[in-house]
There are 2 protein chains.
Amino acid sequence: MKRNSRLSAVLHALLHMAERDRPMTSEELATCLHTNPVVVRRTMAGLRETGLVTSVRGHGGGWTLARALEDVSMRDIYAALGEPMLFQMGNVSESPGCLVEQAVNHALDDAFRDAEAMLIARLGEVTLATLADDFKRRFAEHRATLKQLG
Amino acid sequence: MKRNSRLSAVLHALLHMAERDRPMTSEELATCLHTNPVVVRRTMAGLRETGLVTSVRGHGGGWTLARALEDVSMRDIYAALGEPMLFQMGNVSESPGCLVEQAVNHALDDAFRDAEAMLIARLGEVTLATLADDFKRRFAEHRATLKQLG
DNA sequence: TTTTCATGTAATAATAATAGTTACGAATAG
DNA sequence: CTATTCGTAACTATTATTATTACATGAAAA
């Protein structure tokens, strides 16, 4: 399974896209995310398959957010990324022979499964709209600070 | 920070040690864990520093569990391993510049921190004694199955 | 229609984290 | 003194991820 470091990158990208009224190119997004256009395309291609974004080729093309901010939760994005492994543990469920190992795996699996369920539920509670609001709040605060400093 | 794949390996090792009345050599443990004696020594060295195990060099030496099974929780072992990162996310808390990123990181950090707290609490509830009991149960079951088959 | 811009994608290289190996030193029992 | 076993440094191998290169495809503009 794939890694998860992209969840935050994708959120970052989608929010930037939401702030603009025309498509963003892979190049622009790559600059934004401090990465490479091809990596952006690879990642966004997955999101396109689940209808989160659309892409247009050629002059004036790029990537566009396809759904309303309120309708996209962090969980949706996690799912669109293929529900990558959240934990740093190679699936413990190997070498079925040793009974000691079976007992260990069972206990660990239980704990990790519960934590994962909680985390995923939590991701479902936060939408892109939530994040956009938080961003706006930070932005207003930032401007207030600048003003205060002169 | 280090990886977490060792938590299950260490539990496995400690339970095997608990079943024996003399030290286990790194070589024996390595066989048990399908790995290498040097890797075993490296890992166990960390546990020795927190008093979970002792080592004796030379003839008849090896590794011994230093505490009662009831007194060692999975959380203790997690701590002895240096509280390695549990999640597959490079700490999101970089590039403080972009306010969009700040909003994203804040939301993700919140969710992950809570899930981690829950998981760690859960690890604290399971001791080596719990696991040893579960192993014994499985062992009895296994013997019953064998008997039934002839 | 030709040029330019942009995505689509395969193939390859670079990077980084982890695990495994080799080699040898130090301690201890017999 | 010898065999055994941990302690550790240095090096190699493996694996996963990310980055890069190269080129094909499609679409708008000149």
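Letters A, B, ... are given to chains in the order of the sequence lines, protein chains preceding strands, and every chain is numbered from 1.
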Find the distance B/Gln88:CD to D/dT15:C1' and express it as a whole number of Å. 13 Å
Using OP1 and OP2 only, check whether a side-chain N or O of B/Thr25 sits under 4.0 Å from D/dT4. no
Considering all heavy atoms, the nearest B/Ala80-B/Leu52 contact: CB-CD1, 3.6 Å
Atom pair distance, as rounded to whole Å: CE in B/Met44 and P in D/dT8: 14 Å
Going by atom type alone, with no hydrogens or angles, which donor-acceptor pairs under 3.5 Å involve a side-chain atom of residues 38-47 of chain A and a protein atom two or more places apart or on another chain?
residue	atom	partner	partner atom	Å
A/Arg41	NE	A/Ser26	OG	3.3
A/Thr43	OG1	A/Val39	O	3.0

Just to confirm, is there a sub-4.0 Å distance from OP1 or OP2 of C/dA6 to any side-chain nitrogen or oxygen of A/Ser55? no
At a cut-off of 3.5 Å, list every protein nitrogen or oxygen paired with a nitrogen or oxygen from nucleotides 9-12 of chain C, distance to 0.1 Å.
residue	atom	partner	partner atom	Å
C/dA11	N6	A/Arg42	NH1	3.4

Check whether B/Asp109 reaches the backbone of B/His106 with its side chain - one donor and one acceptor, N or O, closer than 3.5 Å. no
Rounded to the nearest angstrom, tell me the gap between atom CG in A/Asn36 and atom P in C/dG8. 15 Å
Atom-pair distance (CZ on A/Arg6; P on D/dA19), nearest Å: 11 Å
Qualifying salt bridge (Lys or Arg N to Asp or Glu O under 4.0 Å) pairs with a residue from residues 53-65 of chain B, counting only residues at least two apart or across chains: none
Return the angle between end axes of the helix from C/dT1-D/dA30 to C/dG30-D/dC1, with five pairs used per end and rounding to 10°. 0°
If you look only at distance, which donor and acceptor atoms sit under 3.5 Å apart when one is on a side chain in residues 15-24 of chain A and the other is two or more places apart or in another chain?
residue	atom	partner	partner atom	Å
A/His16	NE2	A/His12	NE2	3.1

Could you report the tightest heavy-atom contact between A/Pro37 and A/Ala30, atom names first, then the distance? N-CB, 3.5 Å
Can you name the side chain to side chain contact (heavy atoms under 4.5 Å, CB included) partners of B/Glu49, sequence neighbours left out? none
Side chain to side chain donor-acceptor pair (under 3.5 Å) pairs touching residues 119-134 of chain A, sequence neighbours excluded, are A/Arg122-B/Asp114, A/Thr127-A/Thr130, A/Asp134-A/Arg137, A/Asp134-A/Arg138
Running the 4.5 Å side-chain criterion over Ile, Leu, Val, Met, Phe, Trp and Tyr, what cluster does A/Met118 land in, apart from itself? B/Met118
Could you list the residues that satisfy salt bridge (Lys or Arg N to Asp or Glu O under 4.0 Å) with A/Asp71, not counting sequence neighbours? none
Between A/Val39 and B/Glu27, just flag the one whose closest nucleotide in DNA chain D comes earlier from the 5' side. B/Glu27
A/Glu28 CD to C/dC5 C1', in whole Å, measures 12 Å
D/dT18 P sits how many Å from A/Leu33 CG, rounded? 12 Å
List in chain and number order the residues that pass salt bridge (Lys or Arg N to Asp or Glu O under 4.0 Å) with A/Arg48, two or more places apart in sequence or in another chain; answer none if no residue qualifies. none
Indicate whether OP1 or OP2 belonging to C/dG20 is found under 4.0 Å from a side-chain N or O atom of B/Thr35. yes
A/His34 has an atom NE2; how far is it from atom P of D/dT18, in whole Å? 16 Å
Atom-to-atom span, CZ of B/Arg22 to C1' of D/dT5 - whole angstrom: 14 Å
B/Thr31 meets the side chain to side chain contact (heavy atoms under 4.5 Å, CB included) criterion, sequence neighbours left out, with none
Under 3.5 Å, which protein N or O atoms sit close to an N or O of nucleotides 27-30 of chain D? Give each pair with its distance.
none

